[in-house]
Trainee: 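For reference, the structure I am asking about is given below.
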Amino acid sequence: RCHTQCLDLLGLCLLLVTAPGSQGQSCPSHCDCVPQRKVVICQNKHLSSFPNGVSADTRLLDLRGNSLRWVEHDNLAALVYLEELDLSENLISVLEPNAFSSLLNLRVLRLRANQLKLVPMGAFSHLANLTTLDLSGNKLVILLDFTFQDLHNLRHLEVGDNDLVYISNKAFLGLVGLRELTIERCNLTSISGQALSYLRGLVTLRLCYLSIASLEEQNFRKLGGLRGLEIDHWPFLEYISPHSFQGLNLSWLTITNTNITMIPTSALRNLIHLARLDLSYNPISVLESWSLHDLIRLKELHLVGTRLVSVQPYGLGGLQQIRLLNLSNNGLVTLEESAFHSVSTLELLRVDGNPLSCDCRLLWILQRRKTLGFGGRPPVCTTPMEVRGRALSAFADATLLDHFTCQRPKIRNRKLQQLSAREGQAVSFLCHAEGEPTPVIFWISPQRRRITTKSVGRVTVLPEGTLEIRYAQVTDSGTYICIASNAGGNDTYFATLTVSGLPLDAALAANRTYYMGDLNDTNQNDTHVFLKFTLDLKTILVSTAMGCITFLGVVLFCFLLLFVWSRGRGQHKNNFSVEYSFRKVDGPATSGGQGGARKFNMKMI
Ligand SMILES: *[C@@H]1O[C@H](CO)[C@@H](O)[C@H](O)[C@H]1NC(C)=O
Ligand SMILES: *[C@@H]1O[C@H](CO)[C@@H](O)[C@H](O)[C@H]1NC(C)=O
Ligand SMILES: *[C@@H]1O[C@H](CO)[C@@H](O)[C@H](O)[C@H]1NC(C)=O
Ligand SMILES: *[C@@H]1O[C@H](CO)[C@@H](O)[C@H](O)[C@H]1NC(C)=O
Ligand SMILES: *[C@@H]1O[C@H](CO)[C@@H](O)[C@H](O)[C@H]1NC(C)=O
Ligand SMILES: *[C@@H]1O[C@H](CO)[C@@H](O)[C@H](O)[C@H]1NC(C)=O
Ligand SMILES: *[C@@H]1O[C@H](CO)[C@@H](O)[C@H](O)[C@H]1NC(C)=O
Ligand SMILES: *[C@@H]1O[C@H](CO)[C@@H](O)[C@H](O)[C@H]1NC(C)=O
Ligand SMILES: *[C@@H]1O[C@H](CO)[C@@H](O)[C@H](O)[C@H]1NC(C)=O
């Protein structure tokens, strides 16, 4: 546009310098000509038909902003040297099938903002030298098969801002040179993978303001050369199929202003060369652990304005090269270091516009505030009250430990909870904890499974920490451990349950089968959780005090008897020995040389 305006100005100047009428053979009336450069400019001249007398050797003809209604073959047939034709902002509604067919040297054709409803087949035939075609802002409803089939050298095609409802499967056939395609503001409800499959040379594809509800499998599978894909303003998009991006090797991907609520983890799986990902302005409230784990080369991640409230531990797991993280304008209370694969690669972090709580969880940012960039918008504390509104960069080193602290959880009301219940009854154990930040409470079952507020089924944890067991079963008996933890540490607490089995009536039996085996926690890998907790003395004492582990009780009772007995015999106070003889096995396979008794020394506590 700038180019033509410059020429326009130049034309006007020349026109003023050279006396009107003295400019030789043919410049149409109302038009400005620059004969040396073979330019004819008739912009905004209220022309309702093609001007007469355009010199046959014209290279550039600008008819923008007139009132032309159609283009016929005869209008242009003589202009075989034309390289650039601008027909934008006219009222053209009809193109003759071979309207441009004599313009073999045409490079640029602009038909923006006209009234075209249909491009007839053959309208662009023979235009093998065309590199730019602008059809945006018309009223096109459908792109027919073979419309562009001769345009092998087309690099830029604009078809945005039409009423397109359908792109025929072979519409893009022949566009092997197309590098960039933008389809926007039209009423397409699907994009056919076959239509796109002809665009072998495509590098950038922008699909904006469309009403498509889902991205289907393999829509883009033939676009191996595509480097950038933008999907913007698809308000109905809710589903991205796991194989949507199969066959692509993108370096950047933008999916913004849609209705997706989750990171499309499996769809992103094969994009291992992705360097920039923008998922801003989607209603994604949680960045789940490892949800981007295959994007090992990702350098930039934008999740701006997504109503994000939590970044889980390892939410950025796998992003080994992340440099820029933009989480502006979300609902994050904190961003813990444990969310990152490694923060050492991070250069720029935007977490402004979040209700941040300035406690020990943000210390890692403070420690790096001299080297980490904030893009001019440092994070600002929202809580606690006394530092509200202060930027993280404004704290003096000496005061850090006064502010950025956490308070370890403390479980309140620690009286022993020991319940007996009959099979089928509902049971609940309280566990309320205080701490700063608010502790997360979960329970460990006697079978060493982790029970959280997310556990579904018969056994679950209520939001305030109460363990709830519906339809208790004998196998539920045992010690339950409540764990309250926050960034400051954790606190534990024990409760025991004894369920007595009673004869079941048929209905209860049916209910029991229905609720069988549902201690599964779908969100956690819980196999090893319990092993992290050492069953220390306290645990054992508490357990036995509550008399739940009857077997252990019996063993201890025996020990006690032995102890009393051994004291009576005047032996060592704290030691006693048990002699245990292995049964002698005949033959050379007998282990050990001594063959006889083994001694076990036990220390009484
Ligand atoms: C494209 O333009 C060149 C000159 O610029 C010309 O020689 C050639 O014939 C044109 N191609 C076609 C297919 O007309
Ligand atoms: C396309 O959508 C726009 C706005 O939603 C509407 O005004 C227009 O009539 C639609 N066009 C067609 C062809 O459906
Ligand atoms: C987006 O999703 C929400 C809930 O899933 C739904 O209520 C809303 O209507 C959707 N918006 C659009 C534009 O489809
Ligand atoms: C994918 O793209 C990267 C550059 O972004 C390139 O190095 C790599 O070779 C490409 N892989 C394939 C299979 O084309
Ligand atoms: C982060 O997102 C905001 C909001 O979209 C934008 O203004 C800003 O430029 C982004 N920052 C960077 C470094 O990209
Ligand atoms: C509880 O705290 C201890 C040390 O304070 C730590 O070793 C342990 O991993 C924590 N457990 C949980 C589940 O956070
Ligand atoms: C069995 O379970 C259902 C709920 O799933 C409940 O409505 C019904 O009362 C239960 N029956 C008995 C006998 O507990
Ligand atoms: C619990 O998990 C096991 C194995 O992980 C599975 O076989 C079983 O169906 C699950 N039970 C429920 C109720 O989800
Ligand atoms: C749980 O984690 C352990 C190691 O931490 C791993 O070996 C195991 O495969 C995981 N189980 C599941 C179901 O993911």
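All values derive from a computational prediction rather than experimental measurement. We count residues from 1, following the sequence as given. Note that ligands are numbered from 1 as they come in the structure, with each ligand's atoms numbered from 1 the same way.
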Trainee: Taking the six-membered ring of Tyr471 (Phe, Tyr or Trp), confirm whether the NZ or CZ of Arg458 is under 6.0 Å from its centre and within 45° of its axis.
Mentor: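 Cation-pi check for Arg458 and Tyr471: fails.
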Trainee: Under 3.5 Å, side chain of Thr131 to main-chain N/O of Arg107, donor-acceptor pair present?
Mentor: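 It does hold such a pair.
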Trainee: Look up atom CH2 in Trp364 and atom CG in Leu335, then write down how far apart they are to the nearest 0.5 Å.
Mentor: 5.0 Å
Trainee: Among all protein heavy atoms in this structure, tell me which lies nearest to atom 14 (O) of ligand 5, with the distance rounded to 0.1 Å.
Mentor: His302 CE1, 3.1 Å
Trainee: Verify the contact flag for atom 1 (C) of ligand 3, where contact means a protein heavy atom under 4.0 Å away.
Mentor: yes
Trainee: Quick one: does ligand 5 sit under 4.0 Å from the side chain of Leu324, the backbone, both or neither, non-hydrogen atoms only?
Mentor: side chain
Trainee: Can you tell whether the side chains of Asp294 and Arg269 come within less than 4.0 Å, N to carboxylate O?
Mentor: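 Yes, charged N to carboxylate O under 4.0 Å.
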Trainee: Of all the non-hydrogen atoms in the protein, which one sits nearest to atom 11 (N) of ligand 4, and at what distance?
Mentor: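 Ranking protein heavy atoms by distance from atom 11 (N) of ligand 4, first comes Asn249 ND2, 2.7 Å.
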Trainee: Can you report which non-hydrogen protein atom sits closest to atom 12 (C) of ligand 5, along with the distance?
Mentor: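 Sorting protein heavy atoms by distance from atom 12 (C) of ligand 5 puts Asn326 ND2, 3.4 Å first.
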Trainee: Going by distance alone, is a donor N or O of one side chain under 3.5 Å from an acceptor N or O of the other, for Asp278 and Thr256?
Mentor: no
Trainee: Does the protein come close to atom 9 (O) of ligand 4 - that is, does one of its heavy atoms sit below 4.0 Å from that atom?
Mentor: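 No, there is none.
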Trainee: In this structure, are over 12 heavy atoms from other groups packed under 6.0 Å from Tyr314 atom OH?
Mentor: no
Trainee: Looking only at N/O atoms, are Ser251 and ligand 4 under 3.5 Å apart anywhere?
Mentor: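 No, since none of the N or O atoms of Ser251 sits under 3.5 Å from an N or O of ligand 4.
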Trainee: Tell me, which protein residue and heavy-atom name are nearest atom 4 (C) of ligand 5, and how many Å apart are they?
Mentor: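 Nearest neighbour among protein heavy atoms for atom 4 (C) of ligand 5, to 0.1 Å: Val304 CG1, 3.5 Å.
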Trainee: Would you mind telling me if ligand 5 is within reach of the side chain of Tyr281, the backbone, both or neither, using heavy atoms under 4.0 Å?
Mentor: side chain
Trainee: Is a salt bridge present between Arg323 and Glu300, judged by a nitrogen-to-oxygen distance below 4.0 Å?
Mentor: no
Trainee: Quick check on contacts: which atoms of ligand 3 are under 4.0 angstrom from a heavy atom of Phe236?
Mentor: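 Per the distance check, 13 (C), 14 (O).
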Trainee: Under 4.0 Å from any heavy atom of Glu238, which atoms of ligand 3 are there?
Mentor: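 Once the distances to Glu238 are compared, the set is 1 (C), 2 (O), 10 (C).
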Trainee: Applying side-chain contact (heavy atoms from CB on, under 4.5 Å) to Arg368 and Val343, what does each step give before you reach the verdict?
Mentor: CA-CA 10 Å; Arg368 287 177 177 73; Val343 290; 3.3 Å; yes
Trainee: Check the pair Ser168, Asp145 against side chain to side chain donor-acceptor pair (under 3.5 Å), reporting the backbone distance first and the verdict last.
Mentor: CA-CA 6 Å; Ser168 180; Asp145 280 349; 2.3 Å; yes
Trainee: Report, in ascending order of atom number, the atoms of ligand 3 lying under 4.0 Å from any heavy atom of Asn259.
Mentor: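 The list of qualifying atoms is 1 (C), 2 (O), 3 (C), 8 (C), 10 (C), 11 (N), 12 (C), 14 (O).
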Trainee: When you measure from atom 13 (C) of ligand 3 to every protein heavy atom, which one gives the shortest distance, and what is it?
Mentor: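 It is Pro235 O, 3.3 Å.
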Trainee: Among all the protein's non-hydrogen atoms, which is closest to atom 7 (O) of ligand 4, and how far away is it?
Mentor: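 Closest protein heavy atom to atom 7 (O) of ligand 4: His273 CE1, 4.2 Å.
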